[in-house]
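What follows is one structure encoded as C-alpha coordinates, with my remarks underneath.
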Amino acid sequence: MASDSDGDTIFNLNEVDGLQVTQDKQAVLGGAVLGLAQDIDRLFAHWAQQFGAEERQFSPLVSAAQLNKLEYFKSFPHQVMFPVSLLPDDDNLNAFADDPISSDDALRLTETSPVHQCLAPAACFPVYMSMSGQDLPGTCFVTLRSTCFRKEESLTPLERQTAFTMREVVCVGAQGDVQEYLEQFKQIVVGFFERLSLPVVLERATDPFFNAPTNRKYIMQKVAPLKHEMVYDGHLAIGSINFHQSSFGETFDISCQGSEVFSGCVAFGIERWLFAFLGHFGTDTDSWPGFEDLVAG
Amino acid sequence: MPANNSDARQVLREWIRSKAPSVDEATFTDQTKIIEEGLITSVDVLELFLLIEELGEIEIDATELEPDMLESIDRICQTFLE
(Lines give C-alpha, C1' and ligand atoms only; values in the text may rest on other atoms or scores of the structure.)
Protein backbone atom coordinates (compact mmCIF):
# COMPACT_ATOMS: atom_id res chain seq x y z
CA MET A 1 0.00 0.00 0.00
CA ALA A 2 1.06 3.58 -0.59
CA SER A 3 -0.30 6.27 1.71
CA ASP A 4 -0.75 10.01 1.65
CA SER A 5 0.26 12.51 4.33
CA ASP A 6 -2.81 11.57 6.42
CA GLY A 7 -1.95 7.88 6.26
CA ASP A 8 -4.85 7.10 3.92
CA THR A 9 -4.20 4.59 1.17
CA ILE A 10 -3.94 6.28 -2.20
CA PHE A 11 -2.93 3.33 -4.34
CA ASN A 12 -1.98 -0.31 -3.99
CA LEU A 13 1.57 -1.10 -5.07
CA ASN A 14 0.43 -4.60 -6.10
CA GLU A 15 -1.92 -3.10 -8.66
CA VAL A 16 0.79 -1.20 -10.54
CA ASP A 17 1.62 -2.89 -13.84
CA GLY A 18 5.25 -4.08 -13.76
CA LEU A 19 6.04 -3.00 -10.21
CA GLN A 20 7.59 -5.43 -7.77
CA VAL A 21 9.04 -4.79 -4.34
CA THR A 22 12.08 -6.62 -3.00
CA GLN A 23 12.51 -7.81 0.58
CA ASP A 24 14.60 -4.74 1.30
CA LYS A 25 11.80 -2.49 0.04
CA GLN A 26 13.43 -1.52 -3.22
CA ALA A 27 11.09 -1.01 -6.17
CA VAL A 28 11.75 -3.21 -9.21
CA LEU A 29 10.39 -1.65 -12.39
CA GLY A 30 9.18 -3.51 -15.45
CA GLY A 31 6.28 -3.39 -17.88
CA ALA A 32 4.17 -0.26 -18.00
CA VAL A 33 5.59 1.36 -14.89
CA LEU A 34 9.11 1.13 -16.31
CA GLY A 35 7.82 2.85 -19.44
CA LEU A 36 6.33 5.59 -17.29
CA ALA A 37 9.62 6.03 -15.42
CA GLN A 38 11.47 6.27 -18.72
CA ASP A 39 9.00 8.85 -20.01
CA ILE A 40 9.43 10.91 -16.85
CA ASP A 41 13.20 10.81 -17.26
CA ARG A 42 12.86 11.78 -20.93
CA LEU A 43 10.82 14.76 -19.75
CA PHE A 44 13.73 15.86 -17.54
CA ALA A 45 16.16 15.33 -20.42
CA HIS A 46 13.83 17.38 -22.62
CA TRP A 47 13.96 20.23 -20.11
CA ALA A 48 17.74 19.88 -19.90
CA GLN A 49 17.98 20.20 -23.69
CA GLN A 50 16.26 23.57 -23.49
CA PHE A 51 19.42 24.81 -21.78
CA GLY A 52 21.73 22.96 -24.15
CA ALA A 53 22.88 20.66 -21.36
CA GLU A 54 25.52 18.10 -22.25
CA GLU A 55 24.58 14.54 -21.23
CA ARG A 56 27.23 12.78 -19.16
CA GLN A 57 27.52 9.52 -17.28
CA PHE A 58 29.62 9.00 -14.17
CA SER A 59 30.54 6.07 -11.95
CA PRO A 60 28.29 5.60 -8.90
CA LEU A 61 31.49 5.56 -6.82
CA VAL A 62 32.74 8.91 -5.54
CA SER A 63 36.18 9.72 -4.12
CA ALA A 64 36.05 9.88 -0.31
CA ALA A 65 38.84 12.48 -0.31
CA GLN A 66 36.83 14.70 -2.65
CA LEU A 67 33.65 14.30 -0.59
CA ASN A 68 35.65 15.20 2.49
CA LYS A 69 36.63 18.48 0.84
CA LEU A 70 32.91 19.26 0.74
CA GLU A 71 32.66 18.53 4.49
CA TYR A 72 30.18 15.86 3.48
CA PHE A 73 31.13 13.52 6.32
CA LYS A 74 30.63 16.27 8.87
CA SER A 75 27.25 17.14 7.38
CA PHE A 76 25.80 13.72 6.54
CA PRO A 77 27.63 10.92 8.41
CA HIS A 78 24.23 9.34 9.11
CA GLN A 79 23.46 8.94 5.40
CA VAL A 80 26.73 8.11 3.67
CA MET A 81 27.29 4.54 2.47
CA PHE A 82 30.49 2.78 1.42
CA PRO A 83 31.61 0.09 -1.02
CA VAL A 84 33.59 -2.20 1.25
CA SER A 85 35.86 -5.08 0.22
CA LEU A 86 37.73 -7.64 2.22
CA LEU A 87 41.44 -7.46 2.87
CA PRO A 88 42.90 -9.78 0.19
CA ASP A 89 44.62 -12.10 2.59
CA ASP A 90 43.92 -15.84 2.21
CA ASP A 91 43.25 -16.42 5.90
CA ASN A 92 40.98 -13.38 6.01
CA LEU A 93 39.10 -14.45 2.86
CA ASN A 94 38.78 -18.04 4.07
CA ALA A 95 37.41 -16.87 7.40
CA PHE A 96 34.77 -14.83 5.61
CA ALA A 97 33.92 -17.55 3.07
CA ASP A 98 33.49 -20.14 5.84
CA ASP A 99 30.84 -18.16 7.70
CA PRO A 100 29.71 -15.20 5.56
CA ILE A 101 26.28 -14.43 6.93
CA SER A 102 24.46 -14.41 10.23
CA SER A 103 21.00 -15.69 11.00
CA ASP A 104 19.54 -12.19 10.51
CA ASP A 105 21.05 -12.01 6.99
CA ALA A 106 23.74 -9.53 8.01
CA LEU A 107 27.23 -10.12 6.59
CA ARG A 108 29.90 -11.22 9.02
CA LEU A 109 32.67 -9.09 7.58
CA THR A 110 36.21 -10.06 8.41
CA GLU A 111 39.04 -7.55 8.09
CA THR A 112 38.27 -4.99 5.39
CA SER A 113 40.54 -3.11 2.98
CA PRO A 114 40.94 0.65 3.36
CA VAL A 115 37.90 2.42 1.93
CA HIS A 116 38.73 5.25 -0.47
CA GLN A 117 35.35 5.66 -2.14
CA CYS A 118 31.72 6.19 -1.21
CA LEU A 119 28.52 5.23 -2.94
CA ALA A 120 27.30 8.39 -4.67
CA PRO A 121 24.89 10.19 -2.31
CA ALA A 122 23.85 12.62 -5.06
CA ALA A 123 24.24 12.67 -8.80
CA CYS A 124 25.87 16.05 -9.31
CA PHE A 125 29.00 15.91 -7.11
CA PRO A 126 31.15 14.19 -9.80
CA VAL A 127 30.33 17.03 -12.20
CA TYR A 128 32.11 19.62 -10.02
CA MET A 129 34.87 17.15 -9.17
CA SER A 130 35.51 16.58 -12.89
CA MET A 131 35.99 20.34 -13.37
CA SER A 132 38.58 20.56 -10.61
CA GLY A 133 41.31 23.09 -11.35
CA GLN A 134 39.73 24.19 -14.64
CA ASP A 135 38.99 27.64 -15.98
CA LEU A 136 35.72 27.20 -17.87
CA PRO A 137 35.42 29.03 -21.20
CA GLY A 138 31.86 30.04 -20.30
CA THR A 139 28.80 29.01 -18.33
CA CYS A 140 28.08 25.34 -18.97
CA PHE A 141 25.17 22.98 -18.44
CA VAL A 142 25.43 19.26 -17.72
CA THR A 143 22.74 16.66 -17.20
CA LEU A 144 23.21 13.19 -15.80
CA ARG A 145 21.30 10.34 -14.26
CA SER A 146 22.78 8.22 -11.49
CA THR A 147 21.82 5.63 -8.97
CA CYS A 148 22.31 7.25 -5.58
CA PHE A 149 22.62 5.68 -2.15
CA ARG A 150 21.66 6.95 1.27
CA LYS A 151 21.21 5.19 4.59
CA GLU A 152 17.64 5.81 5.72
CA GLU A 153 16.07 5.06 9.09
CA SER A 154 12.91 3.66 7.55
CA LEU A 155 12.24 2.47 4.03
CA THR A 156 9.14 2.75 1.85
CA PRO A 157 9.16 1.52 -1.77
CA LEU A 158 9.34 4.40 -4.29
CA GLU A 159 9.14 7.01 -1.51
CA ARG A 160 12.26 6.33 0.53
CA GLN A 161 14.76 3.78 -0.71
CA THR A 162 18.40 3.05 0.09
CA ALA A 163 19.15 3.10 -3.64
CA PHE A 164 17.25 5.44 -5.91
CA THR A 165 17.59 7.14 -9.27
CA MET A 166 18.36 10.82 -9.53
CA ARG A 167 18.37 12.98 -12.67
CA GLU A 168 20.10 16.30 -12.31
CA VAL A 169 20.59 19.30 -14.54
CA VAL A 170 23.58 21.33 -13.40
CA CYS A 171 24.68 24.85 -14.30
CA VAL A 172 28.22 26.06 -13.57
CA GLY A 173 29.39 29.53 -14.53
CA ALA A 174 28.74 33.21 -13.96
CA GLN A 175 26.55 34.11 -10.98
CA GLY A 176 23.89 35.86 -13.05
CA ASP A 177 23.67 32.95 -15.48
CA VAL A 178 23.25 30.41 -12.68
CA GLN A 179 20.57 32.44 -10.90
CA GLU A 180 18.69 33.09 -14.13
CA TYR A 181 18.86 29.37 -14.97
CA LEU A 182 17.40 28.39 -11.59
CA GLU A 183 14.60 30.95 -11.96
CA GLN A 184 13.77 29.67 -15.44
CA PHE A 185 13.69 26.09 -14.20
CA LYS A 186 11.37 27.09 -11.35
CA GLN A 187 8.97 28.50 -13.91
CA ILE A 188 9.21 25.34 -16.02
CA VAL A 189 8.39 22.95 -13.18
CA VAL A 190 5.69 25.16 -11.64
CA GLY A 191 4.07 25.50 -15.07
CA PHE A 192 4.24 21.74 -15.51
CA PHE A 193 2.64 21.00 -12.13
CA GLU A 194 -0.16 23.48 -12.88
CA ARG A 195 -0.78 22.10 -16.38
CA LEU A 196 -1.12 18.53 -15.09
CA SER A 197 -2.88 19.66 -11.90
CA LEU A 198 -0.27 17.77 -9.90
CA PRO A 199 -0.48 18.77 -6.21
CA VAL A 200 3.16 19.82 -6.01
CA VAL A 201 4.37 23.12 -4.59
CA LEU A 202 7.80 24.69 -4.30
CA GLU A 203 8.85 25.19 -0.68
CA ARG A 204 12.00 26.52 0.90
CA ALA A 205 13.89 23.70 2.54
CA THR A 206 16.99 22.60 4.39
CA ASP A 207 18.95 19.37 4.01
CA PRO A 208 18.91 16.87 6.89
CA PHE A 209 22.27 17.92 8.34
CA PHE A 210 23.85 16.00 11.22
CA ASN A 211 24.30 18.31 14.25
CA ALA A 212 22.43 20.87 12.21
CA PRO A 213 22.55 23.89 14.59
CA THR A 214 26.35 23.97 14.44
CA ASN A 215 26.67 23.42 10.70
CA ARG A 216 27.33 26.57 8.70
CA LYS A 217 25.70 25.09 5.60
CA TYR A 218 22.51 24.36 7.53
CA ILE A 219 22.50 27.90 8.93
CA MET A 220 22.98 29.25 5.43
CA GLN A 221 20.03 27.24 4.12
CA LYS A 222 17.90 28.44 7.05
CA VAL A 223 18.48 32.11 6.39
CA ALA A 224 18.89 32.25 2.62
CA PRO A 225 16.70 31.00 -0.22
CA LEU A 226 19.32 28.54 -1.45
CA LYS A 227 17.19 25.39 -1.58
CA HIS A 228 13.62 24.82 -2.72
CA GLU A 229 11.94 21.45 -2.79
CA MET A 230 9.13 20.28 -5.05
CA VAL A 231 6.77 18.88 -2.42
CA TYR A 232 4.04 16.45 -3.48
CA ASP A 233 0.88 16.18 -1.39
CA GLY A 234 2.41 18.19 1.43
CA HIS A 235 4.88 15.53 2.47
CA LEU A 236 7.13 14.08 -0.23
CA ALA A 237 10.00 16.01 -1.85
CA ILE A 238 10.16 14.76 -5.42
CA GLY A 239 12.83 17.20 -6.55
CA SER A 240 14.81 20.23 -5.53
CA ILE A 241 16.27 23.43 -6.92
CA ASN A 242 19.57 24.40 -5.33
CA PHE A 243 21.83 27.44 -5.51
CA HIS A 244 25.30 26.57 -4.19
CA GLN A 245 26.73 30.07 -4.50
CA SER A 246 30.50 29.70 -5.07
CA SER A 247 31.01 26.80 -2.66
CA PHE A 248 31.77 24.10 -5.26
CA GLY A 249 33.89 26.48 -7.30
CA GLU A 250 35.99 27.39 -4.27
CA THR A 251 36.25 23.82 -3.02
CA PHE A 252 37.42 22.44 -6.36
CA ASP A 253 39.31 25.51 -7.60
CA ILE A 254 37.07 26.07 -10.62
CA SER A 255 36.85 29.43 -12.35
CA CYS A 256 34.95 30.77 -15.34
CA GLN A 257 36.79 33.05 -17.74
CA GLY A 258 39.19 33.82 -14.91
CA SER A 259 36.43 34.85 -12.51
CA GLU A 260 34.77 33.25 -9.51
CA VAL A 261 32.44 30.43 -10.51
CA PHE A 262 28.95 29.77 -9.17
CA SER A 263 26.76 26.70 -9.50
CA GLY A 264 23.22 25.47 -9.16
CA CYS A 265 21.42 22.23 -9.80
CA VAL A 266 17.91 20.95 -10.32
CA ALA A 267 17.45 17.40 -9.04
CA PHE A 268 14.64 14.94 -9.64
CA GLY A 269 14.05 11.68 -7.76
CA ILE A 270 12.59 9.41 -10.40
CA GLU A 271 11.04 6.84 -8.05
CA ARG A 272 9.38 9.66 -6.11
CA TRP A 273 8.03 11.17 -9.31
CA LEU A 274 6.56 7.75 -10.07
CA PHE A 275 4.95 7.76 -6.62
CA ALA A 276 3.44 11.18 -7.29
CA PHE A 277 2.17 10.14 -10.71
CA LEU A 278 0.65 6.93 -9.37
CA GLY A 279 -0.91 8.82 -6.49
CA HIS A 280 -2.38 11.42 -8.80
CA PHE A 281 -3.27 9.47 -11.95
CA GLY A 282 -3.96 6.10 -10.32
CA THR A 283 -2.81 2.63 -11.27
CA ASP A 284 -4.88 2.31 -14.46
CA THR A 285 -2.28 2.62 -17.22
CA ASP A 286 -4.88 4.18 -19.55
CA SER A 287 -5.02 7.22 -17.28
CA TRP A 288 -1.26 7.80 -17.33
CA PRO A 289 0.02 10.64 -19.50
CA GLY A 290 2.25 9.66 -22.40
CA PHE A 291 5.53 11.35 -23.21
CA GLU A 292 3.85 13.69 -25.72
CA ASP A 293 1.41 14.73 -23.01
CA LEU A 294 4.26 15.43 -20.63
CA VAL A 295 6.17 17.71 -22.99
CA ALA A 296 3.11 19.41 -24.51
CA GLY A 297 2.73 23.10 -23.85
CA MET B 1 27.69 47.11 26.24
CA PRO B 2 25.95 46.50 22.88
CA ALA B 3 27.09 48.71 20.02
CA ASN B 4 24.62 51.44 19.14
CA ASN B 5 22.71 50.94 15.94
CA SER B 6 24.77 53.38 13.93
CA ASP B 7 28.08 51.87 15.05
CA ALA B 8 26.76 48.37 14.45
CA ARG B 9 25.76 49.23 10.92
CA GLN B 10 29.18 50.66 10.23
CA VAL B 11 30.89 47.53 11.61
CA LEU B 12 28.65 45.31 9.48
CA ARG B 13 29.34 47.36 6.35
CA GLU B 14 33.09 47.12 6.88
CA TRP B 15 32.91 43.40 7.60
CA ILE B 16 30.92 42.77 4.40
CA ARG B 17 33.39 44.87 2.39
CA SER B 18 36.20 42.73 3.80
CA LYS B 19 34.43 39.59 2.56
CA ALA B 20 33.53 41.06 -0.81
CA PRO B 21 36.30 43.49 -1.79
CA SER B 22 34.86 43.87 -5.28
CA VAL B 23 31.48 45.07 -3.97
CA ASP B 24 30.05 47.90 -6.06
CA GLU B 25 30.15 50.85 -3.68
CA ALA B 26 27.71 52.77 -5.86
CA THR B 27 24.95 50.25 -5.23
CA PHE B 28 25.93 48.82 -1.84
CA THR B 29 23.43 49.97 0.77
CA ASP B 30 21.91 48.70 4.00
CA GLN B 31 19.14 47.21 1.85
CA THR B 32 21.50 45.20 -0.39
CA LYS B 33 20.70 41.49 -0.23
CA ILE B 34 24.07 40.31 0.97
CA ILE B 35 23.54 36.56 0.55
CA GLU B 36 21.38 36.60 -2.56
CA GLU B 37 23.90 38.84 -4.29
CA GLY B 38 26.78 36.59 -3.23
CA LEU B 39 28.58 39.13 -1.01
CA ILE B 40 28.85 36.51 1.72
CA THR B 41 28.75 32.75 1.38
CA SER B 42 28.28 29.81 3.70
CA VAL B 43 31.99 30.06 4.51
CA ASP B 44 31.31 33.45 6.12
CA VAL B 45 27.97 32.89 7.77
CA LEU B 46 29.22 31.54 11.11
CA GLU B 47 31.62 34.45 11.38
CA LEU B 48 28.72 36.82 10.72
CA PHE B 49 26.78 35.12 13.49
CA LEU B 50 29.62 35.64 15.94
CA LEU B 51 29.89 39.27 14.88
CA ILE B 52 26.15 39.88 15.42
CA GLU B 53 26.32 38.15 18.81
CA GLU B 54 29.26 40.35 19.77
CA LEU B 55 27.61 43.55 18.54
CA GLY B 56 24.32 42.83 20.27
CA GLU B 57 25.72 40.96 23.27
CA ILE B 58 23.23 38.23 22.52
CA GLU B 59 23.24 34.51 21.80
CA ILE B 60 21.56 33.29 18.63
CA ASP B 61 19.88 29.89 18.57
CA ALA B 62 20.39 28.54 15.05
CA THR B 63 17.32 26.31 15.28
CA GLU B 64 15.11 29.38 15.71
CA LEU B 65 16.37 31.16 12.64
CA GLU B 66 13.80 32.30 10.15
CA PRO B 67 14.26 32.79 6.41
CA ASP B 68 15.79 36.10 5.37
CA MET B 69 16.94 37.11 8.89
CA LEU B 70 20.37 37.84 7.41
CA GLU B 71 19.03 39.21 4.14
CA SER B 72 20.50 42.71 4.53
CA ILE B 73 22.10 45.01 7.08
CA ASP B 74 18.68 46.56 7.68
CA ARG B 75 17.15 43.16 8.37
CA ILE B 76 20.01 42.08 10.64
CA CYS B 77 19.67 45.24 12.69
CA GLN B 78 15.87 44.98 12.91
CA THR B 79 16.05 41.32 13.92
CA PHE B 80 19.00 41.22 16.29
CA LEU B 81 20.25 44.67 17.18
CA GLU B 82 17.21 46.87 17.89
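Values reported hereafter were calculated over all heavy atoms of this structure, with side chains retained and with hydrogens, waters and symmetry mates removed. By convention in this document, chain letters (A, B, ...) are assigned in the order of the sequence lines, proteins followed by strands, and residues within each chain are numbered from 1.
Contact detail for Gly38(B) and Gln245(A): the closest heavy-atom pair is CA-NE2, 4.4 Å. Taking every heavy atom of both residues into account, Tyr218(A) and Thr63(B) meet most closely at OH-CA, 4.3 Å. In terms of heavy-atom proximity, Leu46(B) sits nearest to Arg216(A) at CG-CB, 3.6 Å. Nearest heavy atoms, Ala62(B) versus Pro213(A): CB-O, 3.4 Å. Taking each heavy atom of Ile40(B) and Met220(A) in turn, the nearest pair found is O-CE, 3.9 Å.
At a heavy-atom cut-off of under 4.5 Å, chain B is reached by Gln175(A), Gln179(A) from residues 173-194 of chain A, listed in order of number. Within residues 22-33 of chain B, no residue has a heavy atom under 4.5 Å from a heavy atom of chain A.
In terms of heavy-atom pairs under 4.5 Å with chain B, the best-connected choice from Lys217(A), Lys222(A), Gln221(A) is Lys222(A). Interface check for chain A: of the options Asp44(B), Asp61(B), Thr41(B), the most heavy-atom pairs under 4.5 Å are formed by Thr41(B).
In this structure, the portion of Glu250(A) lying under 4.5 Å from any heavy atom of chain B is its side chain and not its backbone. Only the backbone of Glu66(B) has a heavy atom closer than 4.5 Å to any heavy atom of chain A. Looking at Thr214(A), the atoms closer than 4.5 Å to chain B (heavy atoms on both sides) all sit in the backbone: N, CA, C or O.
A salt bridge links Asp68(B) with Arg204(A): at least one charged nitrogen is closer than 4.0 Å to a carboxylate oxygen.
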Show every donor-acceptor pair shorter than 3.5 Å between a side-chain atom in residues 260-269 of chain A and any protein atom, with sequence neighbours excluded, or say none if there are none.
| from | atom 1 | to | atom 2 | distance (Å) |
| --- | --- | --- | --- | --- |
| Glu260(A) | OE2 | Ser246(A) | OG | 3.3 |
| Ser263(A) | OG | His244(A) | ND1 | 2.8 |

Residues 122-130 of chain A side chain polar contacts: donor-acceptor under 3.5 Å, at least two apart:
| from | atom 1 | to | atom 2 | distance (Å) |
| --- | --- | --- | --- | --- |
| Ser130(A) | OG | Pro126(A) | O | 3.4 |
| Ser130(A) | OG | Val127(A) | O | 2.7 |

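Tested against Val223(A), the residues Leu70(B), Ile76(B), Leu48(B), Thr79(B) include a single side chain to side chain contact (heavy atoms under 4.5 Å, CB included) partner, Leu70(B).
At most 12 heavy atoms of other shown residues, nucleotides or ligands fall within 6.0 angstrom of atom CD in Glu153(A).
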